[in-house]
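Notes follow once the structure below has been shown.
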Amino acid sequence: MQFGEVTALTALALFVTVLTTFLTVAWLPPVAASSPDAAALYARHCASCHGADRLGGIGPALLPGNLKRLRRGAAASVIAEGRPATQMAGFSHVLDAAAVDALVALIYTPLDKLPHFGMPEIERTRVVHRPLDTLGDAPVFAADPLSLFIVVEQGDHHATVLDGDRLEPLHRFPTRFALHGGPKFSPDGRFVYLASRDGWITQYDLYELAPVAEIRAGINTRNLAVSDDGRYVLVGNYLPHTLTLLDARELVPLAVIPVRNRAGETSRVSAVYTAPPRGTFVVALKDLPEVWEIAYRESSPKGFAAGGERTGGGLALRRIELPGILDDFFFDAGYAHLIGASREGFGQVVELDSGRAIVDIDLPGLPHLGSGITWEVDGRTVLATPNLKEGVVSVIDTATWRTVKRIETLGPGFFMRSHENSRYAWVDVFFGPHRDAVHVIDKASLEIVETLRPTPGKTAAHVEFTRDGRHALLSIWDRDGAVVVYDAATLKEVRRFPMDKPSGKYNVYNKITRSRGTSH
Ligand code: DHE
């Protein structure tokens, strides 16, 4: 079946479900204002789309972890008024304020016990839209496929494919609800893999501009990583406490890997990353003082014990046991070291070969290391990272691990970017009264040389450079938003495209060549 037919059938099924829900609610007696029974209300109005168990269905999962980005007040107005441009209808004509509040309280209540979501449940969700052997060899458009960008639009859950040479959108497609984390690419850049907070993984073909396959790999997912040989996708989950290993070709599930220490205590996964020179996945654990390394090549790198532990799927597993829990990672250019942020408010450098924490570094607040970048200054390589709690960018010498400079900014920032061909690094001011500002830092002097306000009053965030580094693309993070293109040398606006709450944007070439100015 073609994707178009699937979409048509899905649309028909959704229409029938919404119509049935509407007819059902239209016939129901209005709910009494006194002591609403939340479970009964949920079963009557929500279960058909969001699942009787709240784990999601055609609508997203309604669990506290999955709803973290939605404030309770906003959840109440979605229940009452619906969500524009989605299948979520408003229920204010049948639910009074007390009933809405009861439902809000219910969906923000954790489940009594962790649901089981193993191989059979995951396998059942898999959809193949276009088998790989039916795909053509060449792109269906004239643009250079390595110059493309994927722009995630959070507003109506779409993504735009943008030609980075001509600087114009090529195609727009619907995504799963609430994508998060960086999309990751196959080594040749042809396929992009997208993860949603609800655990849906999509393999999308950038040549035919169509999805290949989808699977739900978790209930509350953090992100995914793709092995640099293009064989595996590893998905890290908060719920359940697992990693899901997929074959990167059409997302066939290979193994569900329980995340637990030797004593049997389980942990959420903060994030998964690929360390190409080592041929490993590196896994950050949220609740245990361990970092995991999982080898996907035949010969494991240093640090793996011969005949050691294996995960489901037969990959070698190494546990790096640490003094404390590390959130959020960064790797140095050669993947010899991992830099993590400790809960105690400092950074820690872990040497991957020996598995030892070798030095603590000065990284107070909540550094957003996942967004860190490196560059050369005066013959040394520095790492720069924004901070989610303080208005500061820390610049650290990666030879001595000493702080070279703390650059004061107008507020805490989320994302930082540069490019090998640019003299500047860009950092946003994501939080606070100056969230419409973006700082441009001179990489040699480490001074802010310009502060741009592309749309006063609206959050400006997340920059990504074109393949040649000549242009920087920035998001106006708003339902009535835009992607703004700057000349990366003159810092003048070149053009802007209206978009629906654009968040991250990802250039194929910069990602597959692991440009030092962007996240990996
Ligand atoms: Fe993210 C990436 C964690 C909140 C947008 N975010 C990441 C990554 C991690 C992470 C570990 C790296 C994954 C990768 O490279 O694949 N994010 C977290 C959190 O722990 C946090 C603070 C709380 C949470 O609810 O998860 C969080 N993140 C947010 C947001 O509120 C943002 C701004 C909006 C949203 O989508 O929810 C947000 N995070 C992003 C984006 C990326 C990301 C756009 C990809 C950045 C990139 O360029 O690679």
Side-chain angles (χ1 to χ4, degrees), residues 60 63-71 74 149-155 157 159 175-185 192-198 201 220-226 233-239 268-275 281-287 291 325-331 338 340-341 343 365-373 385-389 412-419 426-431 435 459-465 472-475 477-478 481 483 501-508 510-511 514-515 517-520:
L63 301 170
N66 296 57
L67 296 170
K68 250 184 160 172
R69 313 313 304 158
L70 187 68
R71 294 207 180 88
F149 282 80
I150 296 285
V151 184
V152 173
E153 291 179 70
Q154 284 186 333
H157 310 282
T175 67
R176 290 284 170 173
F177 183 82
L179 297 188
H180 179 244
K184 302 286 151 50
F185 295 88
V192 60
Y193 298 86
L194 309 159
S196 82
R197 288 193 185 256
D198 269 352
I201 308 302
N220 184 350
T221 288
R222 298 300 290 164
N223 76 326
L224 64 80
V226 178
V233 172
L234 187 68
V235 182
N237 297 316
Y238 262 8
L239 198 64
R268 293 169 291 171
V269 174
S270 290
V272 290
Y273 298 99
T274 310
F281 291 117
V282 182
V283 184
L285 305 191
K286 185 93 182 159
D287 309 306
V291 169
I325 292 172
L326 290 188
D327 275 329
D328 209 4
F329 284 176
F330 181 82
F331 297 91
L338 166 166
R343 299 263 164 99
L366 192 58
H368 195 222
L369 282 165
S371 191
I373 55 172
T385 169
N387 201 301
L388 298 176
K389 274 203 184 138
F414 228 110
F415 303 106
M416 187 151 187
R417 283 291 188 276
S418 185
H419 189 280
W426 298 53
V427 65
D428 51 53
V429 182
F430 202 87
F431 305 96
R435 61 185 208 290
T459 304
H462 196 286
V463 170
E464 177 89 8
F465 283 75
L473 279 62
L474 175 150
S475 294
W477 203 289
D478 193 271
V483 161
K501 208 173 181 189
S503 56
K505 57 202 81 54
Y506 311 88
N507 175 268
V508 176
N510 293 345
K511 291 296 175 187
R514 296 186 176 262
S515 159
T518 190
S519 63
H520 303 143

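Both ligands and their constituent atoms are indexed starting at 1 by order of listing.
- Contact annotation: for E464 versus ligand 1, there are no heavy atoms closer than 4.0 Å.
- Nearest protein heavy-atom contact of atom 2 (C) of ligand 1 is G181 CA, 3.6 Å.
- Ranking the protein heavy atoms by distance from atom 31 (O) of ligand 1 puts R69 NH2, 2.7 Å first.
- In terms of N/O distances under 3.5 Å, ligand 1 is not approached by S503.
- Smallest separation of non-hydrogen atoms from D198 and F177: OD2-CD2, 4.4 Å.
- Of the protein's heavy atoms, Y506 OH, 3.5 Å lies nearest to atom 44 (C) of ligand 1.
- Contact of the N507 side chain with the F465 side chain is not registered, since no non-hydrogen atoms from C-beta on lie closer than 4.5 Å.
- Nearest non-hydrogen protein atom to atom 24 (C) of ligand 1 is R197 NH1, 3.5 Å.
- At a heavy-atom cutoff of 4.0 Å, ligand 1 is contacted by the side chain of R417 but not by its backbone.
- Among protein heavy atoms, the minimum distance from atom 18 (C) of ligand 1 is reached at R222 NH2, 3.4 Å.
- In this structure, atom 8 (C) of ligand 1 is not in close contact with the protein, since no protein heavy atom lies within 4.0 Å of it.
- In this structure, Y506 has its ring center closer than 6.0 angstrom to the ring center of H462.
- At a heavy-atom cutoff of 4.0 Å, ligand 1 is contacted by no atom of Y238, backbone or side chain.
- Considering only non-hydrogen protein atoms, atom 12 (C) of ligand 1 sits nearest to Y273 OH, 3.8 Å.
- Atom NZ of K501 has 12 or fewer neighbouring heavy atoms from other residues, nucleotides or ligands inside a 6.0 Å radius.
- Closest to atom 27 (C) of ligand 1, if we only count protein heavy atoms, is H180 NE2, 3.9 Å.
- Close approach of ligand 1 to S519 (heavy-atom distance below 4.0 Å) involves ligand atoms 47 (C), 48 (O), 49 (O).
- Ligand 1 has an N or O atom lying under 3.5 Å from an N or O atom of N223, backbone or side chain.
- Within ligand 1, the atoms closer than 4.0 Å to a non-hydrogen atom of A271 are 11 (C), numbered from 1 in the order shown.
- If you number the atoms of ligand 1 from 1 as listed, the ones under 4.0 Å from a heavy atom of K184 come out as 14 (C), 15 (O), 16 (O).
- No N or O atom of S270 sits closer than 3.5 Å to an N or O atom of ligand 1.
- The single protein non-hydrogen atom nearest to atom 34 (C) of ligand 1 is Q154 NE2, 3.4 Å, given as residue, atom name and distance.
- The side-chain hydrogen bond (donor to acceptor under 3.5 Å, both in side chains) test with E464 is passed by exactly one of H419, R417, K505: R417.
- For ligand 1, the polar-atom distance check against H462 finds a nitrogen or oxygen pair separated by under 3.5 Å.
- For the pair S371 (side chain) and F414 (backbone), a donor-acceptor distance under 3.5 Å is present.
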